[in-house]
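Read the structure below first, then the notes.
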There are 2 protein chains.
Amino acid sequence: MDVGEDQSMSFFVEANGQPGRGDDRQGFLANTGPHVQTPIQTQLQAQAQAAPRCLRCAVRNEGLCAALPAGELPELTAISRNRDVGAGEMVTIEGQDADAVFTLVSGMLKIYKTLPDGREQITGFATPGDVVGLAFGSCYVYTAEAVAPSTVCGMVRRGLHGLVDRKPRLQGRLLSMLSAELTAAQDQILMLGCKNATERVCTFLLALARRAPKDEQGRPVVFLPMKKLDMGGYLGLRPETISRVLRSLETKGLITRTRSAHIRIDDLDTFGDLAVAAE
Amino acid sequence: MDVGEDQSMSFFVEANGQPGRGDDRQGFLANTGPHVQTPIQTQLQAQAQAAPRCLRCAVRNEGLCAALPAGELPELTAISRNRDVGAGEMVTIEGQDADAVFTLVSGMLKIYKTLPDGREQITGFATPGDVVGLAFGSCYVYTAEAVAPSTVCGMVRRGLHGLVDRKPRLQGRLLSMLSAELTAAQDQILMLGCKNATERVCTFLLALARRAPKDEQGRPVVFLPMKKLDMGGYLGLRPETISRVLRSLETKGLITRTRSAHIRIDDLDTFGDLAVAAE
DNA sequence: CGGCCCCCATGATCCAGATCAACGCAACCG
DNA sequence: CGGTTGCGTTGATCTGGATCATGGGGGCCG
């Protein structure tokens, strides 16, 4: 007896960096035995009985899932499973068999490619609702690694294939997601090709700000759980430079560091200007 | 002076940049000798009468066209038209209505996006067989401009839509072309994000070399019709830097400048190494 | 609690490539 | 024909961000 989502999942990549706390996972996957029930399991079980997991999902209206009406969600539920990953754990690995497609439910992932000589280029950060692992060949074309404790929802590829065949709307959704990825890639090219350090940092913060929660006065507070090294890996800058740019933005009164790893954008207008042309 | 298929096409964008030297273009088409009607033209004209244009097309086995068997080619012929464009003429313009999709038949186009403040970033060069102007919104997302006298084949969008509906193979082809574009974009990100000037230039030449003709000894001779400024615009470098890097590669005996705008790669192996890690 | 480790911040210095400047050359033109 | 214009090349100089070096602070563990 399980909560309907806990078969062992061969398509999940196990942690190789930080040891991926076995207990996190155990807490979520009920493989400790049919009789042992954690509070979380009980809660999930209740939900599973009350409504399909997908229906209650935090990102139900994003990514692929948004393409299906509520009535068809159970079919998604049937081919997907949730999993928690700790910071440093990998969700997909570049070059390995692409067995599943993942939707990020919570947390943050960094997406990167590696050069033969070991240099790595981060091509993006996934935030909740983003889909990672879409591959049109048989292998993942990038590595996706959690930079904060995260939850992903994995859809077995074969199951997804079948579903896409039955639901033409998913096909269109895939196409538009792919083309959104292309747009994002081209924005990054624009950034790397012709923006300076300040413009890059502002562009990046601004992009995160769009999806970030706002404080009482409507100012976005962006969450930056990744290391400065990763941020630099994305922006084509060194961590020291990121640090200096943020300091300088703070001095100018454009941003405020609130809680650890959180930055509030105080002057969104000026910020938008900086994002495209510095000074 | 055309091969019988050049009705004026409302969806073609007329030149606005450099006045597209009529005689350059003539020189290109007639470059084997100054006759009234060249052998090539006579040949093309005869083809147009003898068989559907698409069947005899130089890029019949590339781009979208490759997805259709010979028997179905007339349907493509019906919705497409060839057109010659001179250097400096635009084929698509960023932000304008995407009325058609183009296949480059000969020549070369630069693909670029413009920042609000006028800076432009070249995101690629199209070589024969490449498709430009695929847009999933209603507008082109980039400008495509000839950097050498070129011939494009334009497919009216509405006609293409209908055709795609009737030929599911085209749908798959579109998807795979889109994903190839994404791959190319990510390669460029890798280049801009973590390669130095020499690596960038070598990576670029190597990519062109793959599709370039080879001399008697199998050495690729790449055609570089674009200005140094454009090459720099793609690689994120200034023209002076391009010039210096090429000079240094020449000094090391890796390349030889043959005819104007042509470079022969003499040591492909060393070159491949340089393309990923310089020195 | 103290020690360790990792990340961040900040100052000092360096350097790859940008920028500035000058010239050569070819195409074009009156 | 000489003048003009635009691109490419080369040299001199500048500079934004990389690199190097140091110190500080927070989390984790014994």
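- Going from atom CG of B/Leu224 over to atom P of D/dC7 covers 17 Å, rounded to whole Å.
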Could you encode protein contacts along nucleotides 16-21 of chain C as a string, one character per nucleotide from 5' to 3', using B for base contact, S for sugar-phosphate-only contact and - for no contact, with a heavy-atom cut-off of under 4.0 Å? -SSBB-
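- Across the protein-nucleic acid pair, A/Ile242 atom CD1 and D/dA18 atom C1' stand 13 Å apart, rounded to whole Å.
- Between the C1' atom of C/dA27 and the NZ atom of B/Lys227 lies a distance of 14 Å, rounded to the nearest Å.
- In this structure, A/Val59 and A/Leu104 approach most closely via the heavy-atom pair CG1-O, 3.8 Å.
- Taking the charged nitrogens against the carboxylate oxygens, B/Asp187 and B/Lys195 have no contact shorter than 4.0 Å, which rules out a salt bridge.
- Using modelled atom types and a 3.5 Å distance limit, the side chains of B/Asp266 and B/Thr256 yield a donor-acceptor pair.
- Within the structure, the ring-ring contact (aromatic ring centres under 6.0 Å, His included) test picks out the following pairs touching residues 229-255 of chain B (sequence neighbours left out): B/Phe125-B/Tyr234, B/Phe204-B/Tyr234.
- Pairs engaging residues 236-250 of chain B under the salt bridge (charged side-chain N to carboxylate O under 4.0 Å, His left out) rule: B/Arg247-B/Glu250, B/Glu250-B/Arg257 [sequence neighbours left out].
- A close approach under 4.0 Å does occur between a side-chain nitrogen or oxygen of A/Arg247 and OP1 or OP2 of C/dT10.
- One interatomic measurement links the two molecules: CG of A/Leu192 to C1' of D/dG17, which rounds to 14 Å at whole-angstrom precision.
- Within the 4.5 Å cutoff, side-chain heavy atoms of B/Lys113 are placed close to those of A/Leu190.
- In terms of phosphate contacts, B/Lys228 brings no side-chain nitrogen or oxygen within less than 4.0 Å of OP1 or OP2 of D/dC7.
- Protein atom CG of A/Leu229 is 12 Å distant from nucleotide atom C1' of C/dC8, rounded to whole Å.
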